[in-house]
Amino acid sequence: MRDISMERVEETRKNILSIIKSPSLTHEQKLTNLANQADSLMEVLDLPEGLDELLNQSIDTKCICDLAEGHAPVRPRYIVPDYAKFMKEGCSFLQLAPPTDLSEALNHLLIFYKHVPSVTNYPVYVGQLDELLEPFMDTVDEATAKKLIRMFMVHMDRTILDSFSHANIGPEATRAGRILLEVEAELEHAVPNITLKYEEGVTDDDFALEAVRCALHSAKPSFANHRMFSGELTERYVIASCYNGLPLGGGSYTLCRLVLGNIAKRASGIADFKENQLPYVLDIMARYMDARIRFEVEESGFFENHFLAKEGFIRRDRFSAMFGLVGLAECVNLLLEKEGMTGRFGHDEKANDLGVEIMDQIKAFNDHHENPYCEVTGGHFLLHAQVGLAEDENVSPGTRIPIGEEPEELIDQLMVLNRFHKYFPSGTGDIFPIDLTVHRNPEFVLDIVKGAFRKDLRYLSFYSSDSDVIRVTGYLVKRSEMEKLDAGMAVLQNTTGLGLGASKNGHILERKVR
Amino acid sequence: MKAVVNRIIPFSSVDGPGNRTAVFFQGCNIDCKYCHNPETRGICRNCGACVDVCPTGALSYREEGGICYDGTACVQCDACIHVCPHDSSPRTQEMTPEEVYERVKRQIPFIRGISVSGGECMLQPDFLKQLFSLVRADGLTTLIDSNGTIPFWEYPGLMEVTDGVMLDIKAFDAAEHRNVTGVSNETILANAVYLAKHAKLYEVRVVVVPGLYDAERSVKEMGAFLVPYRKTHDFRIKLIAFRPMGVRKQYAGYRVPDAAYLNRLAELLRDLGFRDIMIT
């Protein structure tokens with residue numbers, strides 16, 4: 001452990017006191033922030049040379065961002081427990097025998113969720129709920145099942161205080177899945193996020209249409225291309241947090257992101273970017289992630305001591321890591337500008353081609369970089385189109401076309417997206433607010449999903465333009481809660497604050513309605 | 001073979017089931033007072049009234065005569081169509097069926113079919129037949145949105161490549177229909193029967209305009225007239241509320257019907273046995 005200066009200690013003590021005295025943080029938020037302050041005093045990672053100059057900068061210059069993971073990771077960033085194993089075998093640490101009926105199953109899950117850590121301190125994955133609950137559907141009548149599931153979903157929304165929390169359903173239709181959709185359409189909750197794993201021919205149209213109707217009320221579920229994800233990560237994958245494809249019974253050690261627009265600022269032109277600046281930053285970010293992973297695996301003791309690992313709900317060798325990026329649009333536009341060329345990302349073939357070339361280069365780098373602890377993904381990280389931070393300004397999520405610059409016609413936008421979704425097995429996605437008239441024609445949305453997935457798009461989200469629950473970048477918030485917070489009132493969920501920031505800095509309320 | 005096309009909407013959610021490319025043809029043979037896209041009614045006579053009002057210079061005179069439209073300069077302000085004395089638009093395009101088909105093809109596999117509308121698209125039945133044959137070869141479905149004044153039974157070849165028709169019945173009473181549209185509705189009602197019997201009637205559309213005609217009586221009588229044909233083929237009835245958007249100034253003053261009134265009309269149809277009723 002390296003020494004730090006007394007000035008830094010004093011600075012931290014001041015931060016701690018202001019957190020303790022804060023009028024606007026809830027008790028839980030204070031504890032989280034206090035823990036982050038303690039962690040910030042640590043210097044235990046073997047950091048690559050040159051990192052500081054790329055990482056510890058303001059948002060308009062930093063080239064690498066570690067998304068507030070801290071200095072000494074105490075647990076992997078995203079943890080994806082095998083809840084099916086828990087349903088089958090119970091849990092000795094939590095002193096729970098396997099559940100025998102629907103009430104017990106739901107109660108067991110709610111207990112378990114309180115013991116699943118993550119970077120947010122809330123579970124980022126709450127299970128393949130239809131599959132988990134379907135075996136218990138015969139233990140009660142339909143009305144009771146609906147009431148119990150409704151209470152279960154309310155409980156989650158009020159106790160998992162962060163919408164980076166994800167339930168999965170599908171691809172097959174089930175009774176439990178239908179009830180979940182019915183209940184969520186009525187509740188219009190922000191938590192949990194839900195994804196329907198969709199595959200044409202496997203997922204019944206009427207079930208998929210129920211999902212569309214639910215999405216037009218509550219901005220979820222989103223649609224994941226099951227054929228693509230299972231082809232890359234096998235059938236044992238999940239969608240967690242925002243839209244992250246991850247191995248079941250494992251997760252992701254870490255997620256860092258390249259801020260491509262800022263890397264472009266360092267470059268004199270396209271050639272300098274490709275030959276010097278990008279390779280330099282890619283190398284440093286990969287080695288930074290290696291250092292974080294090494295500490296988690298070899299020193300933190302997490303995998304030796306946490307009950308999730310000890311009882312086999314997660315396995316160390318089912319973890320990988322997410323090599324993220326944001327701002328491809330800004331990067332491409334700036335590089336063209338530096339070359340004195342016209343063209344905008346999302347609109348001009350030349351700009352889109354440059355975007356593809358940059359992605360090919362990043363993919364080639366990742367395919368050659370090896371990490372000994374990412375066995376589950378062939379020793380490589382997984383590319384991830386990160387959705388942005390509340391404080392991001394002029395940084396478009398992943399490879400998205402900037403809000404306000406979307407092509408006039410949705411078809412043109414989709415034909416750009418289909419060049420980029422394939423790069424990101426650990427997640428990318430696009431979001432479309434949908435005009436009210438579609439309430440009467442949910443098949444419109446399903447046709448687009450079918451076509452998109454045939455064209456290798458990976459992940460799509462829709463919400464109705466008049467809906468209270470809306471998708472910010474990957475997570476969900478309620479407009480009504482953002483308004484309360486903006487008026488100075490305390491609100492329950494942490495992500496409401498992030499949504500408010502993103503609505504001011506990221507213009508998420510100004511997306512083109514389709 | 002060519003037809004004048006007003007516009008092509010790549011993804012439409014309101015022109016039939018699912019996602020469809022909608023093709024709007026220029027030119028109409030009747031004059032509905034509440035027409036919400038009156039600029040599709042007439043054919044451009046190259047008078048040039050629009051050229052002077054265009055704020056971005058997207059319109060100019062061609063040397064060889066006629067109006068030149070530059071889509072890249074257009075900001076869709078609609079000044080040109082508001083000033084047009086012929087209920088037309090300088091933004092139309094003469095196209096062959098093959099050219100229209102090229103513009104449809106781009107949307108595959110995101111669409112399940114195409115819908116043709118207008119204006120009155122049945123003024124170009126041969127064009128439609130050729131377009132539909134091309135589109136069907138790609139596995140897409142074909143729908144016609146029509147005012148029903150052209151007898152469908154005279155075009156069996158077109159009917160063979162048509163999956164369904166969305167038919168307007170703008171008033172059941174002939175005199176009221178003439179007041180609303182300028183023409184009688186005999187052919188329209190005969191078309192309804194013909195299409196229903198041949199399982200080609202996808203939807204009947206009724207625009208509800210309080211003060212223009214007695215919608216309650218019209219819906220009731222129309223329902224009684226159509227209900228026997230549900231046995232051979234089920235079809236939807238769509239009740240569309242009048243909205244003043246796009247309507248010519250002299251006719252824009254009609255009242256928008258409230259939800260209670262529309263629901264009452266739907267209830268009348270339900271009492272007759274109709275099940276698929278949509279209010280929009």
Next on the checklist: Please give me the minimum heavy-atom distance between B:G16 and A:N441, naming the atom from each residue.
Outcome noted: O-ND2, 3.3 Å
Next on the checklist: Within the supplied structure, the quantity of interest is the number of heavy atoms (other residues, nucleotides, ligands) at a distance under 6.0 Å from B:R230 CZ; does it exceed 12?
Outcome noted: yes
Checklist entry - Taking atom CD of A:E142 as the centre, does the number of heavy atoms from other residues, nucleotides or ligands within less than 6.0 Å exceed 12? => result no
Checklist entry - Would the number of heavy atoms belonging to other residues, nucleotides or ligands and lying under 6.0 Å from NZ of A:K338 be above 12? => result yes
Checklist entry - Of all the residues in residues 269-280 of chain B, which have a heavy atom that comes within less than 4.5 Å of a heavy atom in chain A? => result B:M278, B:I279, B:T280
Checklist entry - Taking the side chain as C-beta and beyond, is there a heavy-atom pair between B:R20 and A:F444 under 4.5 Å? => result no
Checklist outcome for this item: Checked A:R440, A:K450, A:E409 vs chain B; the most non-hydrogen pairs under 4.5 Å come from A:R440
Checklist entry - Do other residues, nucleotides or ligands put more than 12 heavy atoms under 6.0 Å from the CG atom of A:D456? => result yes
Item to check | Close side-chain approach of A:E443 to B:P17, heavy-atom, < 4.5 Å | outcome: no
Checklist outcome for this item: In this structure, CG of A:L410 is separated from CG of B:N19 (nearest 0.5 Å) by 8.0 Å
Checklist entry - Which pair of non-hydrogen atoms, one from A:D447 and one from B:G18, has the smallest distance, and what is that distance? => result OD2-CA, 3.3 Å
Item to check | Segment of A:R454 engaging chain B (4.5 angstrom heavy-atom cut-off) | outcome: side chain
Item to check | Interchain contact, A:L446 with chain B, by part (heavy-atom threshold 4.5 Å) | outcome: neither
Item to check | A:I448 versus B:F110, closest heavy-atom pair with distance | outcome: O-CD2, 3.8 Å
Next on the checklist: Ignoring hydrogens, what is the shortest heavy-atom contact between A:K455 and B:I108? Give both atom names and the distance.
Outcome noted: CE-O, 4.2 Å
Item to check | A:D412 with B:R106: basic N within carboxylate O range, under 4.0 Å | outcome: yes
Next on the checklist: With a sphere of 6.0 Å drawn around NE2 of B:H36, does it hold more than 12 non-hydrogen atoms of other residues, nucleotides or ligands?
Outcome noted: no
Item to check | Heavy atoms of other groups near B:K238 NZ, more than 12 under 6.0 Å | outcome: yes
